[in-house]
Amino acid sequence: MVDESYRLHHESCLFLASLRDMGRSFNTEKAYGIRSALLLTWCSERGLDWKRITLLDLARFLRWLVDEPLPPRSLRVTVPPRFRLEKSANAVMTGVFEFLRFCSRNECVDAELVARLTETKYLNWLPPGKKAGEDGQFRTVKTKILKLPEPGESGSARPWDCAPGHAPAQ
C-alpha cells in the first residue's frame, strides 16, 4: 500500500506481510489490504491521524461505508448510484479491526481502543447441536461492538443472540 505521496505505507506493508507469514490466502491478504486502505484514505481525507483514531471516528467510518455511493463501474453508462450493503460494511470493519489489532501489538495504535472493539457476550441458549462445554466454557463469545444490523436480523432474532436477562423476540 502507498500513502498520498506514493510512498509505501510502513504499517500496512508490515500488516500484509504478517498475514502472508501466518499462511493466510492471497485473497485474504488482498481483501484486508483494500479494507485497511479504505480506513487510511477516509482518515486522510478528513485530516485525522489514523494512529489516534477514536471509537467515535470508527462509528462514523462505518456509517460512511453505507452512506457514500460507490464509484461507478463505467463512465459510459449513466446509472443510479450504488451503495455498499450493511453486510459488506461489516466485512470491511472486520479487516479494519484486524489491522488495528496488528498496529496495537506493534504499539502504533492505542491498545485501549483495540480492547474496546469487542465485548464478551454470554449465550443463554446455545445454537442447535452445540454443547456448553465444561463449566459452560463455550457459552461466552467475543462480538464486535461496531456492527450494522443486516436486513432480516431485526425480525428474526434467534434465542442465542439475546443478551443476558433479555427474552427472545416472539
Side-chain angles (χ1 to χ4, degrees), residues 1-121 123 138 140-154 161 163:
M1 265 194 271
V2 294
D3 62 14
E4 59 274 350
S5 303
Y6 296 101
R7 293 183 309 242
L8 288 176
H9 189 274
H10 181 69
E11 291 84 358
S12 297
C13 290
L14 289 175
F15 172 60
L16 297 177
S18 76
L19 291 175
R20 196 173 314 116
D21 292 343
M22 290 187 293
R24 301 296 191 262
S25 75
F26 170 77
N27 289 334
T28 300
E29 187 179 334
K30 179 181 170 186
Y32 280 23
I34 290 168
R35 292 166 183 177
S36 56
L38 271 172
L39 173 71
L40 296 171
T41 302
W42 181 84
C43 288
S44 178
E45 288 173 352
R46 282 152 187 78
L48 297 172
D49 180 0
W50 70 270
K51 292 181 179 183
R52 289 175 178 58
I53 198 165
T54 66
L55 201 55
L56 183 58
D57 293 329
L58 287 171
R60 288 182 182 132
F61 173 67
L62 177 59
R63 193 73 248 162
W64 173 84
L65 286 170
V66 293
D67 289 345
E68 183 72 17
L70 293 168
R73 291 182 179 167
S74 170
L75 298 176
R76 294 183 296 174
V77 180
T78 305
V79 295
R82 298 174 306 120
F83 293 89
R84 193 175 278 112
L85 298 174
E86 287 82 358
K87 185 174 183 176
S88 298
N90 290 335
V92 168
M93 293 307 283
T94 299
V96 166
F97 286 4
E98 287 303 315
F99 173 65
L100 293 174
R101 280 188 196 100
F102 171 82
C103 290
S104 172
R105 287 190 301 269
N106 290 285
E107 300 177 355
C108 298
V109 174
D110 184 22
E112 185 179 320
L113 167 70
V114 173
R116 294 173 54 206
L117 295 177
T118 58
E119 62 185 355
T120 302
K121 190 176 187 181
L123 303 176
F138 301 127
T140 57
V141 294
K142 290 254 185 203
T143 60
K144 288 190 281 186
I145 198 159
L146 292 175
K147 181 182 175 204
L148 292 173
E150 296 174 16
E153 279 188 357
S154 60
D161 283 341

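Index from 1, following the sequence.
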NE2 of His10 to SG of Cys108, rounded to nearest 0.5 Å, is 7.0 Å
Correct closest heavy-atom pair for Phe83 and Val66 would be CD2-O, 3.6 Å
One should read off an interatomic distance between Phe15 CZ and Arg105 CZ, to the nearest 0.5 angstrom, of 8.5 Å
Distance col, row Phe99:CZ vs Leu40:CG, nearest 0.5 angstrom, shows 4.5 Å
One should read off an interatomic distance between Leu148 CG and Arg63 CZ, to the nearest 0.5 angstrom, of 5.5 Å
Between the OG atom in Ser36 and the CH2 atom in Trp50, the distance rounded to the nearest 0.5 Å is 9.0 Å
So side chain to side chain donor-acceptor pair (under 3.5 Å) across residues 19-31, not counting sequence neighbours, yields Arg20-Glu29, Ser25-Thr28
Note to self: For Lys144, I'd like to know if atom NZ has over 12 heavy atoms of other residues, nucleotides or ligands within 6.0 Å.
What the structure shows: yes
Discussion item. Checking the side chain of Arg82 only, and the main-chain atoms of Pro71 only, is there a donor and an acceptor separated by less than 3.5 Å?
Written reply: yes
Here the gap from Leu62 atom CG to Leu39 atom CG, rounded to the nearest 0.5 Å, amounts to 11.5 Å
- [ ] For the residue pair Thr140 and Lys121, establish whether any side-chain heavy-atom pair is separated by less than 4.5 Å.
- [x] no
**Asked** Given the rule in the side chain to side chain contact (heavy atoms under 4.5 Å, CB included) test, do Val96 and Phe61 qualify, once you have shown the distances and angles that lead to the verdict?
**Response** CA-CA 10 Å; Val96 166; Phe61 173 67; 3.9 Å; yes
Side chains of residues 110-117: which donor-acceptor partners sit under 3.5 Å, not counting sequence neighbours?
| from | atom 1 | to | atom 2 | distance (Å) |
| --- | --- | --- | --- | --- |
| Asp110 | OD1 | Glu112 | N | 3.3 |

Sorted by chain and residue number, the side chain to side chain donor-acceptor pair (under 3.5 Å) partners of Arg101 (sequence neighbours excluded) come out as Glu98
Sequence neighbours excluded, the answer for side chain to side chain donor-acceptor pair (under 3.5 Å) partners of Ser104 is none
Check your understanding: Side chains of Trp42 and Leu65: does their closest heavy-atom pair fall under 4.5 Å?
Key -> no
**Prompt:** Does some side-chain heavy atom of Val109 sit less than 4.5 Å from a side-chain heavy atom of Phe102?
**Reply:** no
Minimum side-chain heavy-atom gap Pro149-Glu86 below 4.5 Å:
no
In short, salt bridge (charged side-chain N to carboxylate O under 4.0 Å, His left out) pairs touching residues 47-62 with sequence neighbours left out are Glu11-Lys51, Asp49-Arg52, Asp57-Arg60
Contacts satisfying salt bridge (charged side-chain N to carboxylate O under 4.0 Å, His left out) that involve residues 31-46 (not counting sequence neighbours) are none
